2 protein chains.
Amino acid sequence: MNDDDENVKIAKVGQKVRGSKTGQPIMILFDLLGRRWAMGIIWNLSAQNCTFRELQARCDSLSPTVLNTRLKELRAANLVEKAQHGYGLTAEGTKLFKMLEPLGDWSYEWTDMLAE
Amino acid sequence: MNDDDENVKIAKVGQKVRGSKTGQPIMILFDLLGRRWAMGIIWNLSAQNCTFRELQARCDSLSPTVLNTRLKELRAANLVEKAQHGYGLTAEGTKLFKMLEPLGDWSYEWTDMLAE
DNA sequence: GTTTTTGCTACTAAAACAATAGCACGGCAT
DNA sequence: ATGCCGTGCTATTGTTTTAGTAGCAAAAAC
């Protein structure tokens with residue numbers, strides 16, 4: 001278990017993000033969350049802490065390559081951390097989840113509407 | 001201006017999404033929003049309706065290819081629609097934005113914390 | 001009726017992601 | 001102590017997305 005993730009790139013404020021030169025906080029956040037499985041990982045960890053392989057299973061067997069990349073990013077962003085049992089959300093990560101939570105209910109009415 | 005976007009793929013409930021076989025609404029939503037610039041487009045349109053090229057400029061000159069793809073997807077998802085002046089959010093799109101809005105303020109404290 | 005602007009397609013290159021195999025390490029039972 | 005298992009993770013290769021640039025047809029402005 002090495003913790004030398006010096007080469008994980010999370011943009012800093014003012015820096016240009018993947019395709020965004022302004023580097024406003026919200027765009028840095030969207031850049032981070034707008035990556036495959038990022039929000040799904042947070043969503044799953046909110047339910048309960050998971051080991052690497054449990055997370056993989058819950059996220060419908062996403063490849064370990066991507067999972068590991070996302071975990072490094074989310075840890076660098078201080079949203080996820082290693083816990084007693086595998087990985088878990090940090091305090092900030094939980095805050096973020098609380099804000100995403102309403103999407104859960106809304107997504108049902110949204111897909112219902114789309115189905116019509 | 002053609003509107004025959006029959007080949008835009010937004011998953012239906014129960015269907016397997018890009019990498020998700022369960023097809024829960026929240027995962028369909030995350031699949032959609034977890035694409036480059038999807039949330040950024042919604043964010044920008046919430047401020048004011050934009051033409052194609054205005055949107056491009058606001059989203060830091062993202063390529064027209066991607067912008068057009070995202071617009072088709074978001075229109076198929078009934079979150080964005082053509083308006084008098086360019087594109088705008090639908091009623092549902094505005095609802096979604098309202099839920100994302102808190103992220104704006106939080107992102108500042110988050111990046112501040114990361115900077116320490 | 002010519003010049004702009006707008007929405008968009010075509011094409012190519014780079015980056016991200018998916019899929020599979022498998023290794024190193026820790027626990028644990030024998 | 002040794003063989004077995006689960007866990008975290010890297011390596012490799014192939015596919016999909018995204019980026020970047022050029023430019024065209026239709027509408028709008030003049």
Side-chain angles (χ1 to χ4, degrees), chain A residues 1-11 16-21 27 30-41 44-45 48-76 80-88, chain B residues 1-11 16-21 27 30-41 44-45 48-76 80-88:
Chain A
M1 291 190 185
N2 69 335
D3 272 78
D4 49 324
D5 322 76
E6 68 290 325
N7 46 6
V8 179
K9 42 181 174 178
I10 297 292
K16 77 175 244 187
V17 196
R18 259 203 323 184
S20 174
K21 289 146 203 155
M27 290 305 159
F30 283 167
D31 178 43
L32 182 66
L33 296 184
R35 295 176 189 187
R36 193 84 255 269
W37 281 112
M39 290 188 285
I41 289 171
N44 276 305
L45 286 183
Q48 59 186 284
N49 286 9
C50 290
T51 65
F52 191 95
R53 281 180 138 107
E54 280 168 356
L55 250 183
Q56 230 189 314
R58 278 170 157 277
C59 295
D60 234 347
S61 59
L62 81 164
S63 61
T65 328
V66 176
L67 176 53
N68 194 35
T69 309
R70 276 312 90 80
L71 283 175
K72 275 184 190 166
E73 289 163 359
L74 292 173
R75 286 205 288 160
V80 166
E81 65 190 351
K82 295 214 175 191
Q84 318 79 347
H85 177 62
Y87 292 96
Chain B
M1 292 189 184
N2 70 335
D3 272 79
D4 50 322
D5 323 74
E6 68 288 324
N7 46 7
V8 179
K9 42 181 172 177
I10 297 291
K16 77 175 242 188
V17 198
R18 257 200 326 181
S20 172
K21 289 148 201 153
M27 289 306 158
F30 284 166
D31 178 43
L32 182 66
L33 296 184
R35 294 176 189 186
R36 193 84 256 269
W37 280 113
M39 290 188 285
I41 288 172
N44 276 305
L45 286 183
Q48 60 186 287
N49 286 10
C50 290
T51 65
F52 191 94
R53 281 181 135 106
E54 280 168 355
L55 250 184
Q56 230 189 315
R58 277 171 157 277
C59 295
D60 233 349
S61 60
L62 82 163
S63 63
T65 328
V66 176
L67 176 53
N68 195 35
T69 308
R70 276 315 88 82
L71 283 174
K72 276 184 190 166
E73 290 163 0
L74 292 173
R75 285 205 289 160
V80 166
E81 66 190 350
K82 296 215 175 192
Q84 319 79 347
H85 178 64
Y87 292 96

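Chain naming here is simple, since letters A, B, ... match the order of the sequence lines and numbering starts at 1 in each. Given the structure is predicted, the values throughout are model-derived calculations rather than measurements.
Across Arg70(A) and Arg36(A), no two heavy atoms sit closer than the pair NH1-O, 2.9 Å. Shown here for Leu32(A) and Ala38(A), the closest heavy-atom pair between the two residues is O-CB, 3.6 Å.
Neither OP1 nor OP2 of dG7(C) sits under 4.0 Å from any side-chain N or O of Asn68(B). The shortest distance between the side-chain N/O atoms of Tyr87(B) and the OP1/OP2 oxygens of dT6(C) is not below 4.0 Å. Within the structure, a side-chain polar atom (N or O) of Lys82(B) is placed less than 4.0 Å from OP1 or OP2 of dC8(C).
Applying the side chain to side chain contact (heavy atoms under 4.5 Å, CB included) criterion to Gln56(A), with sequence neighbours excluded, gives Phe52(A), Arg53(A), Leu62(A), Pro64(A), Leu67(A). Residues that satisfy the side chain to side chain donor-acceptor pair (under 3.5 Å) test with Gln48(B), not counting sequence neighbours, are absent from this structure. Scanning for salt bridge (charged side-chain N to carboxylate O under 4.0 Å, His left out) contacts around Arg58(A) gives an empty result, with sequence neighbours left out.
For the pair Asp31(A) (side chain) and Met27(A) (backbone), a donor-acceptor distance under 3.5 Å is absent.
Residues from residues 48-58 of chain B placing a heavy atom under 4.0 Å of any atom in DNA chain C, listed by number, are Thr51(B), Phe52(B), Arg53(B).
Distance Leu71(A) CG to dT7(D) P: 15 Å, rounded to the nearest Å. In this structure, Arg36(B) places its CZ atom 14 Å from P of dA15(C), rounding to the nearest Å. The nearest whole Å value for the distance from the CZ atom in Arg70(B) to the P atom in dG7(C) is 18 Å. For the pair Met39(B) CE and dT18(D) P, the computed distance is 13 Å after rounding to whole Å. In this structure, Leu62(B) places its CG atom 13 Å from P of dG7(C), rounding to the nearest Å. Across the protein-nucleic acid pair, Trp37(B) atom CH2 and dA19(D) atom P stand 8 Å apart, rounded to whole Å. Here dT17(D) presents its C1' atom at 15 Å from NZ of Lys72(B), a figure rounded to the nearest Å. For the pair Leu67(B) CG and dG20(D) C1', the interatomic distance rounds to 14 Å; values are reported in whole Å.
Here CH2 of Trp37(B) is found 15.0 Å from OG1 of Thr69(B). Values are rounded to the nearest 0.5 Å. Annotation: the span from Leu45(A) atom CG to Leu71(A) atom CG amounts to 7.5 Å, rounded to 0.5 Å. Atom CG of residue Leu55(A) and atom CG of residue Asn49(A) lie 9.5 Å apart, to the nearest 0.5 angstrom. Note that the SG atom of Cys59(B) and the CD1 atom of Ile41(B) stand 5.5 Å from one another [nearest 0.5 Å]. In this structure, Tyr87(B) OH and Glu81(B) CD are separated by 11.5 Å, a value rounded to the nearest 0.5 Å. Within the model, atoms NZ of Lys82(A) and OG1 of Thr51(A) stand 11.5 Å from one another, a figure rounded to the nearest 0.5 Å.
Of all nucleotides listed (dT18(D), dC9(D), dA18(C)), dT18(D) comes nearest to the side chain of Arg35(B).
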Identify each atom pair where a protein N or O and an N or O of nucleotides 11-15 of chain D are less than 3.5 Å apart, giving names and distance.
residue : atom : partner  : partner atom : Å
dA11(D) : N6   : Thr65(A) : OG1          : 3.4

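Defining each end axis of the helix from dG1(C)-dC30(D) to dT30(C)-dA1(D) as the rotation carrying four pairs' C1' atoms onto the next four, with five pairs an end, the two axes are found to diverge by 30° to 10 degrees.
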